[in-house]
*Asks:* 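One structure, pasted below without further comment.
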There are 2 protein chains.
Amino acid sequence: MKSIDALACLGALAQEHRLNLFRLLVQAGDEGMAVGELAQATGLAGATLTNHLNILRRAGMVSDERRGRVIQCRASYLQMNELLGFLTDNCCAGSVSASGCVPATLCQPVRSKP
Amino acid sequence: MKSIDALACLGALAQEHRLNLFRLLVQAGDEGMAVGELAQATGLAGATLTNHLNILRRAGMVSDERRGRVIQCRASYLQMNELLGFLTDNCCAGSVSASGCVPATLCQPVRSKP
DNA sequence: TTCATGTTTCTAGAATCATCGAAACATAAG
DNA sequence: CTTATGTTTCGATGATTCTAGAAACATGAA
C-alpha cells in the first residue's frame with residue numbers, strides 16, 4: 001500500500017460516524033449490512049450516510065453489492081490488513097528499538113497447515 | 001484505548017504532512033528529531049509545523065523534551081501500539097471470518113525468553 | 001404503466017482545518 | 001544587561017469537510 005492510499009484509509013476512519021459505520025460492518029461480518037440498516041443504526045440522514053459511505057468506498061474500506069433495491073455493504077478486511085501492514089511497516093522501521101517494538105504479525109488469511 | 005482516543009490518533013495521522021512527520025520520527029528512532037530538523041526536512045513554516053506537531057502531541061503520538069533551546073520530538077511506539085490494538089480488536093470482531101481474518105499480534109515490548 | 005421503496009446526486013450553508021506572517025516567549029551566549 | 005536562536009501563540013485568510021433537504025435515479029410490485 002502506498003502512502004496516498006494509507007492516507008485515504010486513515011482519513012476515511014478518522015471521522016466519528018465513519019469509524020462507527022466501519023465497526024458496525026466489521027461486527028456484521030461477511031453478511032454485511034444494508035444501507036437502510038446502517039441508516040437505522042446510526043440515525044444519519046440518507047444523504048449524509050451516502051456521503052460517508054462514499055468516502056469509505058473510495059478508500060476501499062467498504063465494498064457493496066446490489067440486491068434488488070437494497071445495497072448491501074461489507075467491510076473490507078483485505079484493505080484493513082493493507083493499512084495495518086503499512087502502519088507497522090513504518091512503525092519500528094524494521095529494527096527493534098530500545099523502547100520496545102518488533103515487526104507486527106497482522107491479520108492474515110487463514111491458511112491450512114503447511 | 002477508547003474510540004475517542006483512536007479517533008484523535010487516526011485524525012492526527014490522516015494528514016499528509018503529519019503522516020510524513022510521524023514517519024520521520026519513527027525512522028529517527030529513540031533519539032528522535034528536533035523541531036528545527038523537522039522544519040528543515042519538511043520545508044514547513046514554523047507556525048504550520050508547530051500546529052501539526054501539537055495535533056500529534058494531543059493525540060499522544062508524539063512526545064517531546066526540551067534540551068536547552070531545542071525541543072526534541074519522538075514518536076510514541078506505545079500509543080501507536082494502542083491504536084493498532086484498537087483497530088484489530090474491532091477488526092475480525094474476535095471471530096475468524098470466512099473472508100479470512102485472525103486476531104492480530106501487534107508490536108509488543110521485547111521480552112526476555114519466558 | 002403507475003406507485004412505492006431504497007439509495008444516490010445536487011446544492012448550499014455551517015463548521016472545521018490548514019497555512020503562515022508577525023509577535024511573543026524561552027533559553028543560551030556574550 | 002543585550003543579542004541571537006529555537007519554538008510557540010496569535011490572528012486572519014482560504015480551503016476543505018460535514019450536514020441535510022430536495023430532486024433524481026433504480027428497482028420491484030401491482
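Residue numbering restarts at 1 for every chain, and letters A, B, ... go by the order of the sequence lines. None of these values were measured; they are calculated from a predicted model.
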*Asks:* Would you classify B/G36 as touching base, sugar-phosphate or nothing, given that sugar-phosphate means primed atoms plus P, OP1 and OP2, and contacts are heavy atoms under 4.0 Å?
*Replies:* sugar-phosphate
*Asks:* Treating A/T48 as the side-chain partner and A/L44 as the backbone partner, does any N or O pair qualify as donor plus acceptor under 3.5 Å?
*Replies:* no
*Asks:* Remember a base hit wins even if backbone is also touched, and classify A/R57 as base, sugar-phosphate or nothing at under 4.0 Å, heavy atoms.
*Replies:* sugar-phosphate
*Asks:* To the nearest Å, how far apart are A/L19 CG and D/dC18 P?
*Replies:* 13 Å
*Asks:* Please tell me if the side chains of B/S76 and B/M61 come closer than 4.5 Å, counting only heavy atoms from C-beta onward.
*Replies:* no
*Asks:* What nucleotide among D/dA4, C/dT19, D/dT9 has an atom nearest to a side-chain atom of B/H17?
*Replies:* C/dT19
*Asks:* Tell me: CG of B/N20 to P of C/dT19, nearest whole Å?
*Replies:* 12 Å
*Asks:* Using whole Å, what does the distance between atom P of nucleotide C/dC17 and atom CG of A/L10 come to?
*Replies:* 16 Å
*Asks:* Rounding to a whole Å, what distance do you find between B/I71:CD1 and C/dA26:C1'?
*Replies:* 9 Å
*Asks:* Between C/dA15 and A/Q15, is there an OP1 or OP2 to side-chain N/O distance shorter than 4.0 Å?
*Replies:* no
*Asks:* Starting the side chain at C-beta, find the nucleotide from C/dA4, C/dT8, D/dT19 nearest to A/R69.
*Replies:* C/dA4
*Asks:* Is a donor from one side chain sitting under 3.5 angstrom from an acceptor on the other, for A/R57 and A/N54?
*Replies:* yes
*Asks:* It should be established whether B/H52 places a side-chain nitrogen or oxygen under 4.0 Å from OP1 or OP2 of nucleotide C/dC17.
*Replies:* no
*Asks:* OP1 or OP2 of C/dC20 less than 4.0 angstrom from a side-chain nitrogen or oxygen of B/T48, does that happen here?
*Replies:* yes
*Asks:* Rounding to a whole Å, what distance do you find between A/L56:CG and D/dT17:C1'?
*Replies:* 14 Å
*Asks:* Let me see the working for A/R74 and A/E31 under salt bridge (Lys or Arg N to Asp or Glu O under 4.0 Å), right down to the final yes or no.
*Replies:* CA-CA 7 Å; A/R74 251 174 291 150; A/E31 177 58 19; over 6 Å; no
*Asks:* Write down the distance between CG (A/L49) and P (D/dG21), rounded to a whole number of angstrom.
*Replies:* 14 Å
*Asks:* Would you indicate what B/A47 reaches in the nucleic acid, counting non-hydrogen atoms under 4.0 angstrom: base, sugar-phosphate, or nothing?
*Replies:* base
*Asks:* Figure out the CG/C1' separation between B/N51 and D/dT13, and round it to whole Å.
*Replies:* 14 Å
*Asks:* With heavy atoms under 4.0 Å as the rule, sort A/N54 into base, sugar-phosphate or nothing.
*Replies:* sugar-phosphate
*Asks:* What is the separation between atom CG on B/L44 and atom P on C/dG21, rounded to the nearest whole Å?
*Replies:* 12 Å
*Asks:* Identify, between A/R67 and A/G11, the residue whose nearest nucleotide on DNA chain D lies closer to the 5' end.
*Replies:* A/G11
*Asks:* Choose from C/dA18, C/dT9, D/dT5 the nucleotide whose nearest atom is closest to any side-chain atom of B/R18.
*Replies:* C/dA18
*Asks:* Looking at C/dT7, D/dA20, D/dC18, which one has an atom nearest to any side-chain atom of A/I55?
*Replies:* D/dC18
*Asks:* Closest approach of A/V70 and A/A34, non-hydrogen atoms and distance?
*Replies:* CG1-CB, 3.4 Å
